[in-house]
There are 2 protein chains.
Amino acid sequence: MVKEKPLHCDMRGMLSFLILFLLSKSAMHGQQLADEMEKRKGIRPSPGTIYPALKELKEAGLILEEKKGKTIVYHLSKGGERELKLAKQQFCRTFVGVFVRGNEG
Amino acid sequence: MVKEKPLHCDMRGMLSFLILFLLSKSAMHGQQLADEMEKRKGIRPSPGTIYPALKELKEAGLILEEKKGKTIVYHLSKGGERELKLAKQQFCRTFVGVFVRGNEG
DNA sequence: CCATATATATCGTATATCCGATATTTGGAG
DNA sequence: CTCCAAATATCGGATATACGATATATATGG
């Protein structure tokens with residue numbers, strides 16, 4: 001079976017989804033992405049987590065690279081924006097009711 | 001390595017998290033759980049997905065069974081309620097900004 | 001009792017996620 | 001150019017998620 005499954009099919013793919021979402025907020029390089037995840041989750045993803053995920057998203061055509069000195073800045077492609085929009089809808093429908101004011105603290 | 005990892009450690013565990021959340025809303029048996037997921041995600045998890053997940057949650061002491069005629073009704077244990085509360089906080093911090101009014105439709 | 005339908009359970013296999021370790025690349029300092 | 005540190009990349013191994021197929025249990029109808 002080839003890899004034609006959309007990002008929003010099942011419970012797997014949450015890492016890719018989160019990366020797309022973060023990149024939609026601001027283009028970043030890998031370590032900045034790890035910084036942001038650490039801030040949110042409290043746990044820093046290791047290089048062995050973040051770079052293979054970025055590689056897959058790149059190969060799927062959802063993100064684009066831009067070399068900036070020592071780093072590689074990633075940003076969403078048009079396809080990535082489309083995919084993120086769909087995935088967000090799916091995510092929000094699936095987790096309706098989990099987000100309640102007061103859970104964030 | 002033994003299984004002492006909390007539910008909210010990384011991106012894996014979203015299925016267990018969703019099951020705990022749904023059961024916290026209402027005690028259900030397996031097929032009702034599948035119904036609810038189908039309503040939310042649009043895709044019905046197969047028996048091979050749902051029952052092993054329930055078994056693990058049961059063995060972890062997070063849910064309790066109650067036989068009701070032909071079915072087995074699951075509900076959260078005290079430990080499951082505690083775990084869900086923590087996992088919800090983690091989830092909400094991680095995905096802050098994804099939930100915006102208008103994404104649900 | 002027997003047949004059926006529904007619910008539950010298990011198995012083999014595949015994919016996504018994840019880490020620790022290690023390797024490679026690259027810009028800047030000397 | 002050489003050295004260093006940071007960023008990126010890859011690898012092996014582990015766990016969670018997922019499906020289709022199959023097996024089992026049980027309430028209900030005949």
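Just so we're on the same page: letters track the sequence lines, and every chain starts at 1. As the structure is a computational prediction, the values presented were derived from the model and not from experiment.
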message: Within the 4.5 Å heavy-atom criterion, are A/Met37 and A/Ile19 side-chain neighbours or not?
response: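 Yes, at least one pair of side-chain atoms sits under 4.5 Å.
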Rounded off to whole Å, could you give me the [atom1]-to-[atom2] distance for the [X] and [N] pair?
X       : N      : atom1 : atom2 : value
A/Lys55 : C/dT25 : NZ    : P     : 14 Å
B/Leu18 : D/dA18 : CG    : C1'   : 14 Å
A/Arg44 : C/dG20 : CZ    : P     : 13 Å
B/Glu56 : D/dA14 : CD    : C1'   : 14 Å
B/Leu57 : D/dA16 : CG    : C1'   : 12 Å
A/Lys41 : C/dC19 : NZ    : C1'   : 12 Å
A/Met37 : C/dT17 : CE    : P     : 10 Å
A/Glu38 : C/dC19 : CD    : C1'   : 15 Å

- request: Taking only the side-chain heavy atoms of A/Ser16 (C-beta and beyond), determine which of D/dT8, C/dT17, C/dC19 contains the nearest atom.
  value: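 Closest of the options to the side chain of A/Ser16: C/dT17.
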message: Does B/Pro45 reach a base, just sugar-phosphate, or nothing at all? Heavy atoms under 4.0 Å.
response: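 Sugar-phosphate contact only - B/Pro45 comes under 4.0 Å of backbone atoms but never of a base.
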query: Where each residue is assigned the nucleotide of DNA chain C containing its nearest heavy atom, which of A/Leu15 and B/Glu65 is assigned the position nearer the 5′ end?
result: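 Closer to the 5' end of DNA chain C: B/Glu65.
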- request: Would you please name every residue forming a side chain to side chain contact (heavy atoms under 4.5 Å, CB included) with A/Thr49, sequence neighbours left out?
  value: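 Listed in chain order: A/Leu15, A/Pro45, A/Ser46.
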Side chain to side chain donor-acceptor pair (under 3.5 Å) contacts in which one or both residues fall within residues 17-31 of chain B, not counting sequence neighbours: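 Checked against side chain to side chain donor-acceptor pair (under 3.5 Å) - neighbours excluded - the pairs reaching residues 17-31 of chain B are B/His29-B/Gln32, B/Gln31-B/Arg44, B/Gln31-B/Tyr51.
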query: Strictly under 6.0 Å, is that where the ring centroids of A/Phe91 and A/Phe95 end up?
result: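 Yes, they do, as the ring centres are separated by less than 6.0 Å.
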field: Sidechain N-carboxylate O distance under 4.0 Å for B/Arg40, B/Glu36
entry: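 Yes.
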message: One character per nucleotide, please: for nucleotides 20-30 of chain D, 5' to 3', B when the base has a protein heavy atom closer than 4.0 Å, S when only the sugar-phosphate does, - otherwise.
response: B-----SS---
Residues from residues 73-81 of chain B lying under 4.0 Å of DNA chain D - heavy atoms: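 The stretch gives none, as no residue of it lies under 4.0 Å from the strand.
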- request: Tell me which residues in residues 27-34 of chain B put a heavy atom below 4.0 Å from DNA chain D, sorted by number, or none.
  value: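 Correct list: empty, so none.
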Indicate every side-chain donor-acceptor pair of residues 64-73 of chain B with a distance under 3.5 Å to a residue at least two apart or in another chain.
residue, atom, partner, partner atom, Å
B/Glu65, OE2, B/Lys58, NZ, 3.0
B/Thr71, OG1, B/Lys68, O, 3.1

